[in-house]
**Student:** 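Just dropping this structure here.
In listed order, ligands and their atoms are each counted from 1.
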Amino acid sequence: MTESTEVYGEHLAEFQKTAYIKGMDEYQKLYKQSVEDPEGFWAQQAEKYLSWEKKWDQVLDYDFTEARISWFSGGVLNASYNCLDRHLDTIADKIAYYWEGDNPEETKAVTYKDLYTRVNRFAAVLKNNGVKKGDRVIIYMPMIVELPVSLLACARIGAIHSVVFGGFSADAIANRIKDCGAKVVITADGGYRGGKPVSLKDNVDKAMEKCPDVETVIVVNRTDSGIPLKPGKEVWWHEEEEKTAADTFVAPEPMDAEDPLFILYTSGSTGKPKGVVHTHAGYLLYTAITTRLVFDLKDDEVFWCTADIGWITGHSYIVYGPLCCGLTGVMFEGVPNYPDFDRFWAIVEKYRINKFYTAPTAIRALAREGESHVEKHDLSSLSLLGTVGEPINPEAWRWYYKNVGKSRCPIIDTWWQTETGGHMLTPLPGVAPVKPGSCSFPFFGVDPVILDDTGEPVKFPDEEGLLCIRKPWPAMARTVYGDHERFRETYFSQVPGMYFTGDAAKKDADGYYWIIGRIDDVINVSGHRLGTAELESALVLHPSVAEAAVVGFPHPIKGQGIYAFVILKANATASDALKKELVGQVRNEIGPIATLDIVQFTDGLPKTRSGKIMRRILKKISAGKLDELGDTSTIADESVIDKLVENRVNIE
Ligand code: WTA
């Protein structure tokens, strides 16, 4: 059976009874309308999904050449109002989050009213600490309730939040603080992972040494660590909250539709991570509609997205999308293998979760442990399984489908990016059968095209090419913070008039899309993006390193692993101890998510005569595809290749 003929449609009959979008005809009709009349389509959705203080003057205005995109200009609203206040009349006592601690005994049920109260009080805390509309706030926190509270409190007063994932280092925090000019940092003393407390505040302390302009650090007491705070600059969250009345009300700031809601840093192929900017209206609308329709979530259902809020997936599908729709979600502080490898399934059973959304890397890691962990639990509440972050290999897909979904839940493979804000290519559960490894069809309003090397649309099914998007959609990023030219150049200059995704894809004869992976120098490690340039810069900071080239290679669990080729300075000696030091060096610079899997010392790298490193060849060597090195005649010194091959390191 070839990839594209293996189809699974067992779920369809059931979904077509109740799904919001029933069947191919309905999808195609709406899709056609959404791309032929985007203004009409999105105006209708903006009425349906959002509450506006003032309606917009113009639905869409854009110019891809200038990278200028504006949705609902003149409209006024507030994301926090849309996620909280407007639900109070109807669903104040509904659970917004079931919060599950790292320790399974520690749980909380947070209602919409509770969340509203906490957000208002914390919005007052922010104001009391001098935060104003437009100010940037860095958030570095574990997965505790104070995290979404922080996001929504910022949104409420019009401050721009920028969450830094807890797995990033002190330097990464410092770089982001400096890049966006944040005056306030919100953090916690620590968090719990796998039964152990992990300190976070240490990293913030180190970052502070480089960021004298930060005025206030607000610290949640999560682990009772008893750490001392620096008077004048650092304050405890709970003490600040106690200074506000229990019924504090902070009026939601009226925000222009196009005002920034947040910045999220993401890696690209060159330079430092970019601060991708999303806005109040377009982003909120698009995350709300995709949450509803892609997961086909009904009001009485429970949804669990296992991502960390430090990534775009958590922003869109733990915080903004589900809350805007008034849904019940689960938030999990811990890790999939603590207390045991059945933790995910224990949580599904405990909260009777209906729709579950995770990453291929987690599925592969859990599949490796065998079916017994899944079989221990009653998963009959599940009706839909989602995946995101990287291509899912068909074996992992089938394992997920059969063992978790019991061959009755569709796998909703959602392709999207930090820059796209929400799902772009994805199955809808009531529309069509799904195929393992394919992300099916474009969501409403998304107009994809696959281009060949000459920039023309590919002509045949299954022909691989570069995936671009021809028209704007509401949740697309608007700029790179502080560097609009970089935004324009990265996403709109490669193929004039189109948004450039950086991914290769193909479309089969049935119209299903298949993502091949990044075509640029971005490595996708466990669904997390890392730029080779960042990794290489971190390596060459080490005094023994003269030059480094980093590539991604196929890794059985992580999807891609990190393979570093390192040339040492003449006075340095290669050793296992030095390898360890280099691994530590990169972890210190970027964070534990950037752990090198393999370090190979070498005397030379394959370069063109003009001195450019030929990564294509390094990728083949790292993947062990030694018979696919292709044409090596343009290499300045061909003998380099033999040595590299000879000393190649295999993953244990
Ligand atoms: C990859 C995560 C295949 C892709 C939401 C993209 C995927 C990058 C999928 C964005 C998928 C994401 N199938 N590949 N379903 N989802 N990717 O910004 O290469 O962290 O460009 O956003 O992940 O990663 P990001």
Side-chain angles (χ1 to χ4, degrees), residues 3 163 165 167-168 262-269 273-278 283 286-287 290-291 294 305-318 320-321 357-364 385-394 396-397 400 410-427 434-443 446 448 464 466-469 475-477 480 490-491 494 499-507 512-531 552 554 558-560 593-594:
E3 280 177 333
V163 184
F165 172 60
F168 279 117
F262 66 86
I263 304 169
L264 195 58
Y265 285 84
T266 190
S267 296
S269 45
K274 299 181 280 279
V276 167
V277 176
H278 284 289
Y283 171 81
Y286 196 80
T287 52
T290 48
T291 301
V294 170
C305 165
T306 71
D308 191 291
I309 291 175
W311 305 108
I312 192 69
T313 307
H315 279 60
S316 300
Y317 300 110
I318 298 178
Y320 288 108
Y357 190 31
T358 195
T361 187
I363 298 164
R364 287 191 296 265
L385 303 174
T387 126
V388 58
E390 51 175 318
I392 180 164
N393 47 311
W397 195 103
Y400 194 27
I411 307 280
I412 301 296
D413 179 351
T414 61
W415 173 83
W416 57 295
Q417 308 178 299
T418 304
E419 297 87 340
T420 72
H423 306 140
M424 298 293 281
L425 299 173
T426 176
V434 287
K435 303 187 184 188
S438 165
C439 51
S440 292
F441 309 120
F443 188 75
V446 174
E464 289 181 19
L466 180 60
L467 178 64
C468 289
I469 315 289
M476 70 188 300
V480 165
T490 311
Y491 304 107
Q494 319 253 1
Y499 168 81
F500 173 86
T501 65
D503 278 317
K506 64 182 183 181
K507 188 161 113 170
Y512 284 67
Y513 283 85
W514 300 75
I515 301 294
I516 316 287
R518 304 287 308 189
I519 54 125
D520 53 11
D521 295 324
V522 171
I523 307 181
N524 190 329
V525 183
S526 302
H528 304 323
R529 280 162 66 167
L530 291 165
K558 301 181 190 177
Q560 282 191 297
I593 60 161

**Student:** Between Y499 and Y491, is the ring centroid distance below 6.0 Å?
**Tutor:** yes

**Student:** Salt bridge check, R364 against E390: does any charged N sit closer than 4.0 Å to a carboxylate O?
**Tutor:** yes

**Student:** Any luck finding a side-chain donor-acceptor pair between T414 and T426 under 3.5 Å?
**Tutor:** no

**Student:** Give me the residue, atom name and distance of the protein heavy atom closest to atom 19 (O) of ligand 1.
**Tutor:** D503 OD1, 2.7 Å

**Student:** Ring-plane angle category for Y283 and H278, please: parallel below 30°, perpendicular beyond 60°, tilted otherwise.
**Tutor:** tilted

**Student:** At less than 4.0 angstrom from any non-hydrogen atom of T418, what atoms of ligand 1 do you find?
**Tutor:** 18 (O), 20 (O), 22 (O), 25 (P)

**Student:** I'd like to know if C439 contacts ligand 1, where contact means a heavy-atom distance under 4.0 Å to any ligand atom.
**Tutor:** no

**Student:** What atoms of ligand 1 come within less than 4.0 Å of a heavy atom belonging to D413?
**Tutor:** 11 (C), 13 (N), 15 (N)

**Student:** Short list, please: which atoms of ligand 1 are under 4.0 Å from a heavy atom of G389?
**Tutor:** 1 (C), 7 (C), 9 (C), 12 (C), 16 (N), 17 (N), 23 (O)

**Student:** When only distance counts, is R518 in polar contact with ligand 1, meaning an N/O pair under 3.5 Å?
**Tutor:** yes

**Student:** Look at the rings of Y317 and Y357 and say which category their plane angle falls in: under 30° parallel, 30 to 60° tilted, over 60° perpendicular.
**Tutor:** perpendicular

**Student:** Give the atom numbers and elements of ligand 1 that come within less than 4.0 Å of a heavy atom of V388.
**Tutor:** 5 (C)

**Student:** In the protein, what heavy atom is nearest to atom 3 (C) of ligand 1, and what distance, to one decimal place, separates them?
**Tutor:** P391 N, 3.1 Å

**Student:** In the protein, which heavy atom is nearest to atom 20 (O) of ligand 1, and how far is it?
**Tutor:** R529 CD, 3.6 Å

**Student:** Spell out, as yes or no, whether a donor-acceptor pair under 3.5 Å connects the side chain of S267 to the backbone of R529.
**Tutor:** yes

**Student:** Just checking, any donor-acceptor pair under 3.5 angstrom between side chains of W415 and D503?
**Tutor:** yes

**Student:** Output yes when a side-chain donor or acceptor of S316 lies under 3.5 Å from a complementary backbone atom of I312, and no otherwise.
**Tutor:** yes

**Student:** Output the list of atoms in ligand 1 that are nearer than 4.0 Å to some heavy atom of N524, sorted by atom number.
**Tutor:** 1 (C), 23 (O)

**Student:** Look at atom 10 (C) of ligand 1 and say which protein heavy atom is nearest, naming residue and atom and giving the distance to 0.1 Å.
**Tutor:** W416 O, 3.6 Å

**Student:** So is Q417 polar-close to ligand 1, meaning N/O to N/O under 3.5 Å?
**Tutor:** yes

